[in-house]
Novice: 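One structure coming up, written as structure tokens, with questions to follow.
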Amino acid sequence: MNKIKYIYKTLLKEYGKQNWWPTILSLDKEGLSLPKKLTQSVCVYDNKNYSYPKTEKQKFEICLGAILTQGTNWVAVEKSLINLSKLNVINPNKILRINEEQLKEAIKPSGYYNQKAKYIVEFTNFFIKLNARTPTREELLSVKGIGKETADSILLYAYKQPVFVIDAYTRKLFGFSKNIEYDKIRIKFEKALPKDYRIYNEYHALIVAKGKSNKNLFAKQTKGNL
DNA sequence: AGCCAGGCTACCG
DNA sequence: CGGTAGCATGGC
């Protein structure tokens, strides 16, 4: 067994299945009326058999989350998503109908709100044009505001495509320095694992769980030499 | 009081 | 090319 697989099994044993992507769509009204200070995730993890997402609306929420979480902690993203949900605009056609100021206000908690509002509008137009078709990676990357990690998160978690997501935690945990190309690392993981979106889904989620726990990093053992 | 959080773009040499 | 400033909020 290669190191990448071994570490996967170790993480799975330590943290258990993560059932990503977290979503607020299945929260009831009570779940949406939260205290001002939200300090931990209230998202529902409802992907036990990897059947999620099914509807376009669910896919759209995942895409919004992927954009909103750029450089931002996830709980802040949930606040923004809850704001959008209260406005009843987690829906591509509806979100274009509110003005940009309202959109900015709603997503303020997750930071960079001027940029992200523009990114969301651009992406939403793109999403509508897809007309329920699965986008290619190149198409996603051509949208302003969608970089490699965001594109791959969307492909993997919204469209169940077998693309491994590389993020800051992956680099930190495995000891890949910043100047190592994103795609090089991605291909390394993809080659070491069965081409199965369910495994990529779990593995990236486990890396985030490990990264958040911020302990027992194994960068020293691997130093990027996987 | 600083540091950090599931990045991306634009621009620099 | 590789490297980095700027973008912004909130919790610790």
Side-chain angles (χ1 to χ4, degrees), chain A residues 8 11 15 17-24 34-45 47 61-84 100-124 126 137-158 163-174 176-186 189 197 200-215 217 219 224:
Chain A
Y8 174 59
L11 286 174
Y15 292 96
K17 279 185 73 208
Q18 302 296 304
N19 304 313
W20 268 28
W21 182 281
T23 176
I24 67 153
L34 295 154
K36 289 288 179 207
K37 288 216 175 185
L38 185 58
T39 56
Q40 56 179 334
S41 174
V42 295
C43 272
V44 177
Y45 294 72
N47 194 14
E61 182 191 325
I62 292 172
C63 296
L64 292 180
I67 292 169
L68 289 171
T69 197
Q70 293 170 359
T72 304
N73 110 359
W74 177 258
V75 176
V77 174
E78 293 189 9
K79 291 179 199 165
S80 296
L81 288 174
I82 287 167
N83 288 341
L84 293 171
E100 204 156 306
E101 289 312 307
Q102 281 178 285
L103 179 55
K104 286 179 183 176
E105 194 58 36
I107 67 173
K108 212 166 202 171
S110 36
Y112 306 141
Y113 57 87
N114 291 305
Q115 297 188 337
K116 285 177 181 173
K118 289 196 173 69
Y119 293 170
I120 286 172
V121 170
E122 289 230 13
F123 175 80
T124 302
F126 167 80
R137 191 167 192 254
E138 292 67 35
E139 287 174 322
L140 284 165
L141 289 173
S142 74
V143 180
K144 191 168 294 181
I146 310 292
K148 287 177 179 172
E149 187 193 334
T150 309
D152 290 346
S153 296
I154 289 172
L155 286 170
L156 178 59
Y157 291 104
V163 183
F164 201 89
V165 176
I166 306 300
D167 66 346
Y169 286 141
T170 315
R171 289 174 185 274
K172 196 188 288 182
L173 292 176
F174 290 86
F176 291 108
S177 59
K178 277 188 178 163
N179 56 17
I180 301 181
E181 236 180 291
Y182 179 101
D183 287 310
K184 245 182 161 173
I185 306 175
R186 174 176 62 83
F189 277 86
Y197 78 91
Y200 295 177
N201 173 325
E202 249 351 292
Y203 204 161
H204 173 66
L206 285 164
I207 287 170
V208 173
K210 181 73 169 179
K212 282 178 173 167
S213 83
N214 201 27
K215 57 181 183 187
L217 308 191

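Lettering follows sequence order; numbering is per chain, from 1. Excluded from the calculations below are hydrogen atoms, water molecules and symmetry mates; all remaining heavy atoms, backbone and side chain alike, are included.
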Novice: Quickly work out the Ile107(A) CD1 to dG10(C) P distance and round it to whole Å.
Specialist: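 For the pair Ile107(A) CD1 and dG10(C) P, the rounded distance is 13 Å.
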
Novice: Lys104(A) side chain to Tyr113(A) main-chain N or O, any donor-acceptor pair under 3.5 Å?
Specialist: no

Novice: Listed by chain and number, what are the ring pair (Phe, Tyr, Trp, His ring centres under 6.0 Å) partners of Phe189(A), not counting sequence neighbours?
Specialist: Phe164(A), Phe174(A), Tyr203(A)

Novice: Taking the side chain from Tyr182(A) and the backbone from Ile166(A), do they hold a donor-acceptor pair closer than 3.5 Å?
Specialist: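 Side chain of Tyr182(A) to backbone of Ile166(A): a pair is present.
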
Novice: How far, in whole Å, is dA10(B) from dA8(C) if one measures between their P atoms?
Specialist: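 dA8(C) and dA10(B) have their P atoms separated by 14 Å.
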
Novice: Could you work out which one of dG7(B), dA5(B), dT9(C) sits closest to the side chain of Asn73(A)?
Specialist: dA5(B)

Novice: Fill in the dot-bracket string of DNA chain B, one character per base: . for unpaired, | for a pair to another strand, ( ) or [ ] for pairs within the strand, taking Watson-Crick or G-U pairs under 3.5 Å.
Specialist: .||||.|||||||

Novice: Could you tell me the separation between the CD atom of Glu149(A) and the P atom of dA5(B), rounded to a whole number of Å?
Specialist: 12 Å

Novice: Side chain of Glu61(A), backbone of Ile24(A): donor and acceptor closer than 3.5 Å?
Specialist: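 Present.
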
Novice: When the ring planes of Trp21(A) and Trp74(A) are compared, do they come out parallel, tilted or perpendicular, using 30° and 60° as the limits?
Specialist: perpendicular

Novice: Name the one of Asp152(A), Val165(A), Leu155(A), Leu156(A) that satisfies side chain to side chain contact (heavy atoms under 4.5 Å, CB included) with Tyr200(A)?
Specialist: Leu156(A)

Novice: Do any of residues 138-146 of chain A sit with a heavy atom less than 4.0 Å from DNA chain B, and if so which?
Specialist: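 Output list: Val143(A), Lys144(A), Gly145(A), Ile146(A).
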
Novice: Keeping Glu100(A) on the side-chain end and Ala117(A) on the backbone end, is there a donor-acceptor pair under 3.5 Å?
Specialist: no

Novice: Check whether the aromatic ring of Tyr112(A) stacks on the base of dG7(B), taking stacking as ring centres less than 5.5 Å apart and planes within 30° of each other.
Specialist: yes

Novice: Under 3.5 Å, is there a donor-acceptor pair between the side chain of Tyr119(A) and the main chain of Lys144(A)?
Specialist: no

Novice: Of the listed nucleotides (dT9(C), dG11(C), dA5(B)), which one gets closest to any side-chain atom of Thr39(A)?
Specialist: dG11(C)

Novice: Identify the residue among Leu173(A), Asn179(A), Ile180(A) that makes a side chain to side chain contact (heavy atoms under 4.5 Å, CB included) with Phe176(A).
Specialist: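 Answer after filtering Leu173(A), Asn179(A), Ile180(A): Ile180(A).
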
Novice: Any idea which of dT9(C), dA8(C), dG11(C) is nearest the Gln115(A) side chain?
Specialist: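 Out of dT9(C), dA8(C), dG11(C), the nucleotide with an atom closest to Gln115(A)'s side chain is dA8(C).
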
Novice: Choose from dG11(C), dG7(B), dG3(C) the nucleotide whose nearest atom is closest to any side-chain atom of Asn179(A).
Specialist: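 Selected nucleotide: dG3(C).
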
Novice: Could you tell me how far dC4(B) sits from dA5(C) if I compare only their P atoms? Round to whole Å.
Specialist: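 The same atom, P, in both gives a distance of 15 Å.
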
Novice: Would you indicate which nucleotide in dC8(B), dA5(B), dG11(C) comes nearest to any side-chain atom of Lys172(A)?
Specialist: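 Closest nucleotide to the Lys172(A) side chain: dA5(B).
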
